[in-house]
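Indexing begins at 1, ligand by ligand and atom by atom, following the structure's order.
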Amino acid sequence: MRFLFLTGNMGAGKSTIGRLLAQRLSCPFYDLDAMIEASAGTRIAQIFAEQGEAGFRKQERHQLQQLVGLQPGVVATGGGVVLDPRNRALMRRHGWVIYLHAHPETLLARIGETVTRPLLHSADNPLQALQQIAQQREPLYREADWIFETDDQTPETLVDSLHRLMAPTPESPLGIQTLACPIVLAPGIRHRAASYLGAIQPSRVVILTHPVLQREGEALLDSLQATGLPATLLILPAGERFKTLRSAARLYRALLEAGADRASLLLVLGGGVLGDLGGFVAATYMRGIPFLQIPTTLLAQIDASIGGKVAVDLPEGKNLVGAFHQPRLVLLDPELLHSLPTRHWRNGLAEMFKYGITLDRGLWRRLQSHLERKVIQSRRIRKASAEWLLPIARCVALKAQIVAEDEREERGLRALLNFGHTVGHAIEAALGYRQWLHGEAIAAGMCAEAELGALLGITPREVVTELVETLQVAGLPTCLPPLPVEQLLGCMQHDKKRIGERLRVVLLRDIGQAQLMDEVPIEAMREALTRCGAR
Ligand SMILES: NC(=O)c1ccc[n+]([C@@H]2O[C@H](COP(=O)([O-])OP(=O)(O)OC[C@H]3O[C@@H](n4cnc5c(N)ncnc54)[C@H](O)[C@@H]3O)[C@@H](O)[C@H]2O)c1
């Protein structure tokens, strides 16, 4: 077990929840403020009075450094612990950071009297003082691995949710509700797929999988047939070059042969290619049949399986024929990633880095800390699946939230997920969808689009440097393949993100902040591509 640091303002419930959670997890509980008082032999209010806030923060830092040498457990931190960047880095290095958020009104009601709170007791208007403190600290708290809204929750429900987040099981999985479909995450959840079909009541199930996952497919087939459901297993070759209308036609015929009707369910057990292809077939076969996804690559778990975009490629470009067709359910089983080759792990990581750099500074910092701890090294990556559960859940939650707010990409919000994709898709098309994997093209694409942002004066130069250096350490490409610039620009011609002579590109404003720009001149793109290695 690693440490679990609960952060949040005074009154967030860190001590109450921390104590209960430690009981549930059968691990030690530490109250950082209580430890400071015990070590100083006096009350915190007294330390503030005698040494000022600076003196207290020094003791707090020292105590935190001592604490991480103890047996891992749940830690209720003080409200201001996040103010020191060294504390934030230390907590990340030694465990997970969970932010318990509540609005200032709730916090004040929970605190009751303010005499023992040194930052509040002399304020004329405690609510106003609390609002100011909360506002100042909010961006720092948001660097957490997970954020819980606590206003309307009892400590017991919160402990239950936290327990599911930290240790989900097939019997008690982590559920991420989206507007379109439920997403359920737990190691081993694939073995319970049959129990989720009651709500769908399909007339037949057709399972679609890759040759490499044949045994998993057969186990699934057995478990469905054991419940009396008619089920068939179809095995399709893997790879982007099979994401075509021709494969779709082959699948339509296979479905007909298997006796699939409009009430049949297509269950896709595979990576993003099979998810996109299978989803497209499900969207169009007999004008649409339900489908369910059990994604088996990191990229498919955090991205491709969520959001209902399904498509096939044309020789002219990727995903040019497609639909929006939401799966009825997505079952995420991190155990399936154990057999994933390292190159495909990195492929998915590229998308994880994309979520972090465009939307979530905390996730970005978490991934950097994983790099520092060498969790992304080839030998360890597959064994460390517990390390990936929370980042996977975070990406899923981010995508689910964006899709809920902008399902059909009409508000520019969902388009933010396309950072790195304008150039990335052009690389893939120019290479004929061979040689480079999707995530590798996206990694180089992110570097080129960050360079573009810097050229246009939108992306700070240090953000570009941080992105490139981080992706390099992760073993992802940061330069373009030596393709002719004009060929890459030509590929963008067919991209859905091009409007006339100008391009629609997502550009970075900062780490964790991106913006869709509609009027990017082709000339600036040409320069960025050249600077990043195109000929
Ligand atoms: N629909 C969307 O919103 C969306 C988003 C991102 C990407 N995508 C699409 O996803 C596709 C890429 O997906 P991908 O990277 O998953 O590639 P993929 O589906 O080709 O899978 C990669 C390889 O890994 C193998 N594999 C899959 N699961 C495995 C496992 N558990 N163990 C061992 N081997 C395994 C496959 O056989 C394949 O050879 C692209 O076509 C991309 O356009 C779609």
Quiz prompt | Best match, Ala304, Ala350, Ala311, Ser339: closest heavy atom to atom 30 (C) of ligand 1 | solution = Ser339
Exercise. Taking atom types as modelled, find out whether Glu428 and His438 have a side-chain donor-acceptor pair closer than 3.5 angstrom.
Key: yes
Quiz item: In the protein, what heavy atom is nearest to atom 6 (C) of ligand 1, and what distance, to one decimal place, separates them?
Solution: Asp303 OD2, 3.3 Å
Quiz prompt | ligand 1 N/O within reach of Thr297 N/O, cut-off under 3.5 Å | solution = yes
Quiz prompt | Residues forming a ring-ring contact (aromatic ring centres under 6.0 Å, His included) with His325, sequence neighbours excluded | solution = Phe291
Practice problem: For Lys243, counting its heavy atoms only, list the atoms of ligand 1 lying under 4.0 Å from any of them. | Solution: 40 (C), 41 (O), 42 (C), 43 (O)
Quiz item: Of all the atoms in ligand 1, which lie at a distance below 4.0 Å from a heavy atom belonging to Gly271?
Solution: 16 (O), 19 (O)
Quiz item: Would the number of heavy atoms belonging to other residues, nucleotides or ligands and lying under 6.0 Å from CZ of Arg526 be above 12?
Solution: yes
Quiz item: Taking C-beta and beyond as the side chain, do Trp388 and Pro334 meet within less than 4.5 Å on heavy atoms?
Solution: no
Quiz item: Nearest heavy atom to atom 3 (O) of ligand 1: which of His338, Lys399, His421 does it belong to?
Solution: Lys399
Self-check item: N/O donor-acceptor pair under 3.5 Å between Asp145 side chain and Trp96 backbone
Solution: no
Quiz item: Below 3.5 angstrom, do we get any N/O pair linking Arg414 and ligand 1?
Solution: no
Quiz item: Closest non-hydrogen protein atom to atom 38 (C) of ligand 1, residue and atom name please, with distance?
Solution: Ala238 CB, 3.7 Å
Quiz prompt | Heavy atom of the protein closest to atom 9 (C) of ligand 1 (residue, atom name, distance) | solution = Asp276 OD2, 3.4 Å
Quiz item: With distance as the sole test, does Ser264 use its side chain to make a donor-acceptor pair with the main-chain N or O of Ser203 at under 3.5 Å?
Solution: no
Self-check item: Proximity of Leu213 to ligand 1 by residue part, where a heavy atom lies under 4.0 Å
Solution: side chain
Self-check item: Taking atom 43 (O) of ligand 1 as the reference point, the nearest protein heavy atom with its distance
Solution: Lys318 NZ, 2.7 Å
Exercise. Determine whether any heavy atom of Gln301 lies closer than 4.0 Å to an atom of ligand 1.
Key: no
Exercise. May I ask you to decide if Val310's main-chain N or O and Asp276's side chain share a donor-acceptor pair within less than 3.5 Å?
Key: no
Practice problem: Tell me which protein heavy atom sits closest to atom 18 (P) of ligand 1, plus the residue, atom name and distance to 0.1 Å. | Solution: Val273 CG2, 3.8 Å
Exercise. Heavy atoms only: give me the nearest Pro211-Pro237 pair and the separation to one decimal.
Key: CD-CA, 4.2 Å
Practice problem: Return the residue, atom name and 0.1 Å-rounded distance of the protein heavy atom closest to atom 28 (N) of ligand 1. | Solution: Thr296 OG1, 2.8 Å
Quiz prompt | ligand 1-proximal atoms of Leu337, by part, heavy-atom distance under 4.0 Å | solution = neither
Practice problem: Kindly determine whether Gln368 and Glu372 satisfy side chain to side chain donor-acceptor pair (under 3.5 Å), including the steps that lead there. | Solution: CA-CA 6 Å; Gln368 284 183 319; Glu372 230 177 77; over 6 Å; no
Practice problem: For the residue pair Leu245 and Phe280, establish whether any side-chain heavy-atom pair is separated by less than 4.5 Å. | Solution: yes
Quiz item: Roughly how far, to the nearest 0.5 Å, is CD of Gln214 from CG of Leu269?
Solution: 11.5 Å
Quiz item: For atom 12 (C) of ligand 1, which protein heavy atom lies nearest, and how many Å away is it?
Solution: Leu299 CD2, 3.5 Å
Quiz prompt | Asn347 neighbourhood, listing ligand 1 atoms whose heavy-atom distance to it stays under 4.0 Å | solution = 15 (O)
Quiz item: What residue and heavy atom of the protein are closest to atom 22 (C) of ligand 1, and at what distance?
Solution: His344 CE1, 3.3 Å
